[in-house]
Amino acid sequence: MSPAQRDTLSFSFLPNSGSEPVEWRISDDLVDYDTALSKMDDRVQRIIAGEARELVWLLEHPPLYTAGTSASDADLVSPDRFPVYSTGRGGQHTYHGPGQRVAYVMLDLRRRQQDVRAFVSALEAWLINSLWHYHIRGERREDRVGVWVQRPDQGQNVEDKIAAIGIRIRKWVTFHGVSLNVEPDLEHFSGIVPCGVQEHGVTSLVDLGIPVTMAENDSVLRAEFEKIFGSTASN
């Protein structure tokens, strides 16, 4: 199935009937990466054990680079610029920092679909639908991960990455997730080859002329998440 064909599909990744709403949590302060990993790991273990409900955790990190399971050392251009964390998620190198909305998605696929490709497609659809709220056409690509935006204003065949996806699954419970560039310092991406892709750049909502706040964007993300994954509830 081509990216264009997948873009026209309506994805549904709803839980079984009677499942509790997904907890929707937003951290206002920057969250240290090690702290986030520890909290994610604990929550995933409790979801597996049936002791906690599913969770989507929205946050921002201080400036840092992460290396996924497919990362190449050659793609870490400036290893001393920011802290670098090796992580068990899929993918290559990426940057996290203020102005970027990270969403850690901890869902139990045992009560949804035990289909990893369908889950990734649902995450893509969530991001693409959220971008369309701003009349930005996000697109998939067969040869590279993430969500991409064509930039005809920058030249023919120019396109930039606006959102990244990197997941891990343990006993059919997902963790890690997605990141969407709202208003990060895009120059910080120059310290890596983002996701191993040299011929394309990165962009953000603000870079595309959308002056949205993080809180406004969070509301869009939540509304579009619920259409695909089901109801949420804040603590």
Side-chain angles (χ1 to χ4, degrees), residues 20-47 51-66 81-85 87 89 94-108 123 126-131 133-134 136 138 146-147 161-168 173-189 191 194 202-235:
E20 289 187 279
V22 177
E23 181 182 345
W24 189 266
R25 180 187 302 172
I26 299 175
S27 291
D28 295 326
D29 298 324
L30 299 181
V31 179
D32 174 78
Y33 194 72
D34 283 331
T35 298
L37 288 181
S38 177
K39 289 183 179 294
M40 260 199 299
D41 188 73
D42 176 71
R43 184 59 170 247
V44 166
Q45 286 300 115
R46 292 196 293 126
I47 293 172
E51 298 170 353
R53 62 178 171 169
E54 298 171 306
L55 170 67
V56 173
W57 183 16
L58 274 60
L59 54 81
E60 295 170 84
H61 287 301
L64 58 92
Y65 298 128
T66 66
R81 186 171 189 176
F82 297 127
V84 181
Y85 296 87
T87 178
R89 62 157 175 82
T94 194
Y95 164 76
H96 293 314
Q100 181 190 71
R101 176 50 87 209
V102 174
Y104 289 132
V105 182
M106 288 155 267
L107 299 183
D108 188 350
L123 292 177
W126 174 31
L127 292 166
I128 289 169
N129 294 346
S130 297
L131 289 170
H133 176 85
Y134 309 109
I136 294 172
V147 177
K161 189 173 189 176
I162 193 169
I165 298 173
I167 65 165
R168 187 175 176 185
V173 174
T174 71
F175 54 126
H176 295 278
V178 306
S179 60
L180 175 63
N181 296 333
V182 179
E183 192 179 8
D185 186 336
L186 295 178
E187 199 279 328
H188 290 170
F189 284 91
V202 291
T203 189
S204 68
L205 290 174
V206 170
D207 184 50
L208 293 172
I210 308 298
V212 62
T213 67
M214 193 66 76
E216 290 168 337
N217 183 66
D218 289 347
S219 295
V220 172
L221 286 174
R222 186 171 188 172
E224 296 300 334
F225 177 90
E226 291 185 335
K227 293 175 184 177
I228 296 173
F229 296 97
S231 62
T232 64
S234 301
N235 276 351

Which heavy atom of [X] sits nearest to which heavy atom of [Y], and what is that distance?
X: I47; Y: L55; answer: CD1-N, 4.5 Å
X: G138; Y: L131; answer: CA-CD1, 4.0 Å
X: L58; Y: A103; answer: CD1-CB, 4.0 Å
X: P83; Y: Y85; answer: CB-CE1, 3.7 Å
X: R53; Y: A233; answer: NH1-CB, 3.9 Å
X: K161; Y: G146; answer: CE-CA, 3.8 Å

Heavy-atom neighbours of D34 CG exceed 12 at 6.0 Å: yes
Ignoring hydrogens and geometry beyond distance, is a side-chain donor-acceptor pair present between [X] and [Y] at under 3.5 Å?
X: Y134; Y: N217; result: yes
X: T213; Y: E216; result: yes
X: S130; Y: R222; result: no

When you compare the side chain of [Y] with that of [X], does any pair of heavy atoms fall below 4.5 Å?
X: P98; Y: P63; answer: yes
X: N181; Y: L205; answer: no
X: S179; Y: V102; answer: yes
X: Y33; Y: T87; answer: yes
X: I26; Y: R101; answer: yes
X: S204; Y: L186; answer: yes

From CA spacing to verdict: side-chain contact (heavy atoms from CB on, under 4.5 Å), Y65, R81: CA-CA 9 Å; Y65 298 128; R81 186 171 189 176; 3.5 Å; yes
Whether F229 and W126 hold their rings parallel, tilted or perpendicular, with breakpoints at 30° and 60°: perpendicular
Mutual orientation of the aromatic rings belonging to F82 and H188 [parallel < 30°, tilted 30-60°, perpendicular > 60°]: perpendicular
Report the distance from atom [atom1] of [X] to atom [atom2] of [Y], rounding to the nearest 0.5 Å.
X: L107; Y: T174; atom1: CG; atom2: OG1; result: 4.5 Å
X: D28; Y: L59; atom1: CG; atom2: CG; result: 11.0 Å
X: T66; Y: L64; atom1: OG1; atom2: CG; result: 7.0 Å
X: M106; Y: R168; atom1: CE; atom2: CZ; result: 13.5 Å
X: I162; Y: Q100; atom1: CD1; atom2: CD; result: 11.0 Å
X: Q45; Y: D42; atom1: CD; atom2: CG; result: 8.0 Å

Taking [Y]'s backbone N and O only, do any of them form a donor-acceptor pair with [X]'s side chain (distance below 3.5 Å, no angle check)?
X: E60; Y: L30; result: no
X: N129; Y: E224; result: no
X: H61; Y: V31; result: yes
X: E23; Y: S234; result: no

Ionic contact status for R43 with E54, cut-off 4.0 Å: no
Intermediate values then yes/no, side-chain contact (heavy atoms from CB on, under 4.5 Å), K39 and D41: CA-CA 5 Å; K39 289 183 179 294; D41 188 73; over 6 Å; no
Candidate pair V182 and I210, rule side-chain contact (heavy atoms from CB on, under 4.5 Å), full reasoning: CA-CA 9 Å; V182 179; I210 308 298; over 6 Å; no
side-chain contact (heavy atoms from CB on, under 4.5 Å) evaluation trace for Y104 with V56: CA-CA 6 Å; Y104 289 132; V56 173; over 6 Å; no
